[in-house]
Asks: 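Attaching a single structure in structure tokens format; questions to follow.
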Amino acid sequence: MANFTDGNTNVCGLIGNPVRHTLSPLIHNSLSELTGINMVYVPFEVPEGGVGDAIKGALALGIRGLNVTIPYKSDVIPYLEDIDPLAKGIGAVNTLVRTESGGFKGYNTDMTGLYRSMLDEGVELEGKTVVILGAGGVARPSAFLCGSKGARRIYILNRTFERARDVADEVNRALFEMGREDSLTEDGVNAEGEPSDIPQIVIPMRLEEYRDLYTEEDKFIALQCTSVGLFPDVNSAVIEDAEFYQHVSVGIDMVYRPLDTKFMKLAGEAGAKVVSGLKMLLYQAIDAYELWFNGATSEGYEAQISISREQADEIYKSLVMEVTGARNIILEGFMGSGKTTVSEILADKLELELLDTDAAIVEAEGRSINDIFATEGEESFRDMETALLETASSEHFREMVISLGGGLPLREENRELLGRLGKVVYLRTKPETVYERVKFDDSRPLLKTEDPLAKIRKMQEERGNIYELAADYIIDTDELTPSQIADKIIEGLGIVF
Ligand code: NAP
């Protein structure tokens, strides 16, 4: 994490309310690390009615750039010196950039970010039909974006028809004002059936009438802009009818908690390309960052900042791990459960770093675990394990596969630390399977006994419940290959890059 500050540190931040669960610091701090720019990003919770003071204060303090989130995206506009035409058309601003004369200019990178995420996924809007589900704060600018990027026709479907109608009217007017003059309705009537000079590119519909779309359009791009499916309501989609998804060519869900929403599952099962709203979140931040740091610099930064696809992918990976709660993926289990092999395969598949706690202690101490046990005793070794976890947790370790020593989860203190570090996966294995896997392995002193199988059973009885207690996810590994176990972990934790 970039947390070094000095006299030249640039300050950027976020104003909104609430801001406590924001992912923006993660993205911006990663960006400053990747680009080598000396910057910190701070969320500011602004109380109701305080947005004007916040802007004044930010200007006085020399804050370089701000993001703006709910509920201030429109309220902030009167305090700006200038506004970009796209943001003006949308009527909402989420990024403020310092002007040369010392004010802020407002931009809407939510929408440029959505567009960039579409381009990133090879989704083209020109001449296409778009179906927007929902008519709230995100649906309206999305409709405007699609219209301004040449979508042929945009349907807005909403539970409350009146809101869909208002959004359609507003966006049609804004598109007309920005110069999009091609009309779709030959008879020139608006949604209320009244004559209109304004082209009706955006057409409102009642949500329950979605089947009417099929007679008009065979395939369309669907933008899921309702809050249905958002955690904890993870088993719902705003339209659950599988037939609808047969008509979807691309399904984009604005909701990104969970990462793989029911809408995305249904669209994916029907063969559509699916895109997560997390990409939009990523690119709105990247667009803001590029606006803040392009051009100016007295400290010798590159004059032009352009975040590459590879850099964006790297940050996206961190976001996915964060959203799934799997900051690190931690494997626990009995000897012979496949921890070591599976952790290697998993790290390889996900391109993550690997940390084996036993190996890390051996390396740090310069002696074997047997030596440590023999000279200082088991307690001492357990203390080393706890110290290692404390360091990992205080240094905010991220994006690692961590393979745990078999006895590590036995300490309650360690289990608490593991909970903070990431998701714990228990590789559960029957004693007979363990015995088959380790019976010829001489390096296991614990099994140097007359009846190793009985010893394994006894140890599993003692430890099994504790492993279960520490686990977020349990996999029975007896019938699976290490590669299958790794795939199950990826699927079970919902990790999709
Ligand atoms: P909003 O203004 O509150 O609008 C919510 C929409 O959902 C309305 O159209 C509402 O319909 C509809 N809706 C809610 N419950 C429904 C239900 N049970 N059945 C049918 N429709 C229902 O919200 P918003 O600001 O547009 O945000 C929508 C979602 O986008 C949020 O959940 C948020 O997670 C996500 N989002 C993502 C990003 C990103 O960067 N990816 C950015 C912002 C927001 P009615 O009009 O009938 O009430």
Side-chain angles (χ1 to χ4, degrees), residues 321 325-429 434 437-438 441 443-447 456 459-460 462-475 477 482 485-486 489-490 493 495:
M321 300 290 279
R327 234 158 276 137
N328 299 288
I329 304 173
I330 304 161
L331 304 189
E332 62 165 7
F334 202 66
M335 71 174 92
S337 62
K339 265 179 319 187
T340 308
T341 318
V342 172
S343 61
E344 280 164 9
I345 294 174
L346 197 58
D348 208 39
K349 282 188 192 248
L350 295 174
E351 291 180 31
L352 301 178
E353 271 184 61
L354 179 61
L355 173 78
D356 182 308
T357 61
D358 281 349
I361 292 174
V362 167
E363 200 185 325
E365 291 292 311
R367 54 201 168 132
S368 72
I369 295 176
N370 280 342
D371 265 3
I372 301 171
F373 266 62
T375 53
E376 292 173 46
E378 182 173 347
E379 255 334 87
S380 213
F381 178 73
R382 299 284 167 230
D383 288 343
M384 292 171 193
E385 287 182 322
T386 305
L388 178 65
L389 290 187
E390 276 168 349
T391 310
S393 150
S394 66
E395 290 185 6
H396 306 290
F397 271 34
R398 274 179 188 283
E399 291 148 58
M400 286 194 159
V401 175
I402 305 177
S403 173
L404 300 182
L408 187 145
L410 302 182
R411 267 196 191 179
E412 192 182 342
E413 187 184 4
N414 289 357
R415 293 198 295 277
E416 268 172 39
L417 286 164
L418 291 174
R420 270 187 255 157
L421 265 181
K423 291 275 185 208
V424 179
V425 183
Y426 171 23
L427 305 187
R428 192 163 56 188
T429 313
V434 171
R437 288 181 187 164
V438 301
D441 185 349
S443 69
R444 314 250 182 203
L446 286 172
L447 299 181
I456 293 169
M459 286 183 76
Q460 287 219 359
E462 286 162 9
R463 291 184 178 184
N465 288 345
I466 297 177
Y467 285 155
E468 283 176 21
L469 206 64
D472 294 289
Y473 189 56
I474 300 174
I475 299 181
T477 64
I485 299 170
I489 294 172
I490 294 169
L493 296 179
I495 295 169

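On a predicted model such as this, the values are computed, not experimentally measured, just so you know. Note that these values count all heavy atoms, side chains included, but never hydrogens, waters or copies made by symmetry.
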Asks: Enter the distance from Ile330:CD1 to Leu389:CG here, rounded to the nearest 0.5 Å.
Replies: 8.0 Å
Asks: Can you give me the closest heavy-atom contact between Ala347 and Leu354, atom names plus distance?
Replies: CB-CB, 4.1 Å
Asks: Under 3.5 Å, side chain of Asn328 to main-chain N/O of Leu421, donor-acceptor pair present?
Replies: yes
Asks: At their closest point, which heavy atom of Glu332 faces which heavy atom of Pro409, and how far apart are they?
Replies: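 So the minimum-distance heavy-atom pair works out to OE1-CG, 3.3 Å.
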Asks: Working to the nearest 0.5 Å, report the span between CD1 of Ile372 and CD1 of Ile361.
Replies: 6.5 Å
Asks: Could I get the full list of side-chain contact (heavy atoms from CB on, under 4.5 Å) partners for Glu395, not counting sequence neighbours?
Replies: Thr391, Phe397
Asks: Which pair of heavy atoms, one from Ile474 and one from Ala471, lies closest together, and at what distance?
Replies: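 Closest approach of Ile474 to Ala471: CG1-CB, 3.9 Å.
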Asks: Is any NZ, NE, NH1 or NH2 atom of the basic residue among Glu390 and Arg420 found under 4.0 Å from an Asp or Glu carboxylate oxygen of the other?
Replies: no
Asks: Throw together a table of side-chain donor-acceptor distances under 3.5 angstrom for residues 334-341, partners on residues two or more places apart or in other chains.
Replies:
{"unit_1": "Ser337", "atom_1": "OG", "unit_2": "Phe334", "atom_2": "O", "d": "2.7"}
{"unit_1": "Lys339", "atom_1": "NZ", "unit_2": "Gly333", "atom_2": "O", "d": "3.0"}
{"unit_1": "Lys339", "atom_1": "NZ", "unit_2": "Leu404", "atom_2": "O", "d": "2.9"}

Asks: Kindly write out the residues that satisfy side chain to side chain donor-acceptor pair (under 3.5 Å) with Gln460, not counting sequence neighbours, or none if the list is empty.
Replies: none
Asks: Could you list the residues that satisfy side-chain contact (heavy atoms from CB on, under 4.5 Å) with Glu412, not counting sequence neighbours?
Replies: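 Glu412 satisfies side-chain contact (heavy atoms from CB on, under 4.5 Å) with Arg415, Glu416 only.
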Asks: Quick one, Leu346 and Ile490 - any side-chain contact, counting heavy atoms below 4.5 Å?
Replies: yes
Asks: Would you please name every residue forming a side chain to side chain donor-acceptor pair (under 3.5 Å) with Ser403, sequence neighbours left out?
Replies: none
Asks: Report the residues that fulfil salt bridge (charged side-chain N to carboxylate O under 4.0 Å, His left out) with Asp348, sequence neighbours left out, ordered by chain and then residue number.
Replies: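 With neighbours one apart ignored, the set is empty.
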Asks: How would you list, by chain and number, every residue that makes a salt bridge (charged side-chain N to carboxylate O under 4.0 Å, His left out) with Glu378, sequence neighbours excluded?
Replies: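 Checked Glu378 against salt bridge (charged side-chain N to carboxylate O under 4.0 Å, His left out); matches are Arg382.
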Asks: Can you pull out every ring-ring contact (aromatic ring centres under 6.0 Å, His included) where at least one residue sits in residues 356-376? Sequence neighbours excluded, please.
Replies: Phe373-Phe381
Asks: So which atom in Leu388 and which in Ala360 form the shortest heavy-atom distance, rounded to 0.1 Å?
Replies: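 Taking every non-hydrogen atom into account, CD2-CB, 4.2 Å.
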Asks: Once you round to the nearest 0.5 Å, how far does CD of Glu385 lie from CD of Glu413?
Replies: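 Output value for this atom pair is 11.5 Å.
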Asks: Would you say CD of Glu365 has more than 12 non-hydrogen atoms from neighbouring residues, nucleotides or ligands within 6.0 angstrom?
Replies: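 Enclosed.
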Asks: Only counting residues at least two apart or in another chain, list the ones meeting salt bridge (charged side-chain N to carboxylate O under 4.0 Å, His left out) with Glu376.
Replies: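 Glu376 satisfies salt bridge (charged side-chain N to carboxylate O under 4.0 Å, His left out) with Arg367 once adjacent residues are dropped.
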Asks: Of all the heavy-atom pairs spanning Pro482 and Ile345, show the shortest one and how long it is.
Replies: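 Closest heavy-atom pair between Pro482 and Ile345: CB-CD1, 3.5 Å.
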Asks: Looking at CG of Leu427 and CD1 of Ile475, how far apart are the two atoms once the value is rounded to the nearest 0.5 Å?
Replies: 6.0 Å
Asks: When you compare the side chain of Ile489 with that of Leu493, does any pair of heavy atoms fall below 4.5 Å?
Replies: yes
Asks: To the nearest 0.5 Å, tell me how far Thr477 OG1 sits from Ile485 CD1.
Replies: 5.0 Å
Asks: Quick check: do Leu350 and Glu399 have side-chain heavy atoms less than 4.5 Å from each other?
Replies: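 SC-SC contact between Leu350 and Glu399 ruled out.
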Asks: Roughly how far, to the nearest 0.5 Å, is CZ of Arg398 from CZ of Arg327?
Replies: 6.0 Å
Asks: Just jot down the salt bridge (charged side-chain N to carboxylate O under 4.0 Å, His left out) partners of Arg437, sequence neighbours excluded, or say none.
Replies: none
Asks: Determine yes or no for a side-chain-to-main-chain donor-acceptor pair under 3.5 angstrom, with Asp472 supplying the side chain and Val424 the backbone.
Replies: yes
Asks: Step by step, work out the side chain to side chain contact (heavy atoms under 4.5 Å, CB included) result for Val438 and Val434.
Replies: CA-CA 6 Å; Val438 301; Val434 171; 4.2 Å; yes
Asks: Any sub-3.5 Å donor-acceptor pair from Tyr467's side-chain atoms to Gly406's backbone N or O?
Replies: yes
Asks: Considering only residues two or more places apart or on different chains, which pairs with a residue in residues 355-364 satisfy side-chain hydrogen bond (donor to acceptor under 3.5 Å, both in side chains)?
Replies: none
Asks: Do any pairs count as a ring-ring contact (aromatic ring centres under 6.0 Å, His included) and have a residue in residues 400-423, sequence neighbours left out, and if so which ones?
Replies: none
